[in-house]
Amino acid sequence: MIRSELIQKLADENPHLYQRDVEKIVNTIFEQIIEAMSRGDRVELRGFGAFSVKKRDQRIGRNPRTGESVEVDEKHVPFFKTGKLLRDRLNGHSA
């Protein structure tokens, strides 16, 4: 599912809301998650999962094309850990 499909589904299920308002709501939620993570905060959505940021240390990597060693800078990457409800649904358990 892509963002526009999510917006359309929410708009269809909530006919009392204008689609442009649903779009603003969805965009605000994503923006708040992004802002929190950029501050290094953890974002937990109970039953769904938790978004956090992990630090990857500087390391020596290898260029797969040439085999040459290259220095890879330290970086921060997003990490998602599924919640129990999501994990159970994916594994065929009803909640």
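Side chains included, hydrogens not; waters and symmetry mates left out as well; all remaining heavy atoms used.
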Output yes when a side-chain donor or acceptor of N91 lies under 3.5 Å from a complementary backbone atom of H93, and no otherwise.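 No: the side chain of N91 does not pair with the backbone of H93.
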
Indicate yes or no for a side-chain donor-acceptor contact from D21 to the backbone of L17 under 3.5 Å, with no hydrogens or angles considered. no

Name all residues meeting the side-chain hydrogen bond (donor to acceptor under 3.5 Å, both in side chains) criterion together with E5; count only those two or more places apart in sequence or in a different chain, and write none if there are none.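 side-chain hydrogen bond (donor to acceptor under 3.5 Å, both in side chains) check on E5 returns nothing, list empty.
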
Acceptor/donor pairs from residues 22-35 side chains to any protein atom, 3.5 angstrom cut, sequence neighbours excluded:
residue: N27; atom: OD1; partner: R3; partner atom: NH1; Å: 2.6
residue: N27; atom: ND2; partner: E23; partner atom: O; Å: 3.3
residue: T28; atom: OG1; partner: K24; partner atom: O; Å: 2.7

Should R56 and E74 count as an ion pair when the cut-off is N to O under 4.0 Å?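 Looking at R56 and E74, the cut-off is not met.
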
Output yes when K75 and D73 qualify as a salt bridge under the 4.0 Å nitrogen-oxygen rule, no when they do not. no

So, S52 and R42: side-chain donor and acceptor under 3.5 Å apart, yes or no? no

Just wondering, are more than 12 heavy atoms of other shown residues or ligands nearer than 6.0 Å to [atom1] in [X]?
X   : atom1 : value
R46 : CZ    : no
R87 : CZ    : yes
F80 : CZ    : yes

Please give me the minimum heavy-atom distance between G67 and R62, naming the atom from each residue. O-NH1, 2.8 Å

Does some side-chain heavy atom of [Y] sit less than 4.5 Å from a side-chain heavy atom of [X]?
X   : Y   : value
K9  : M1  : yes
F48 : T82 : no
L85 : D88 : no
E71 : Q58 : yes

For the CE atom of M37 and the CZ atom of F51, what is their distance to the nearest 0.5 Å?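 Answer rounded to 0.5 Å: 7.0 Å.
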
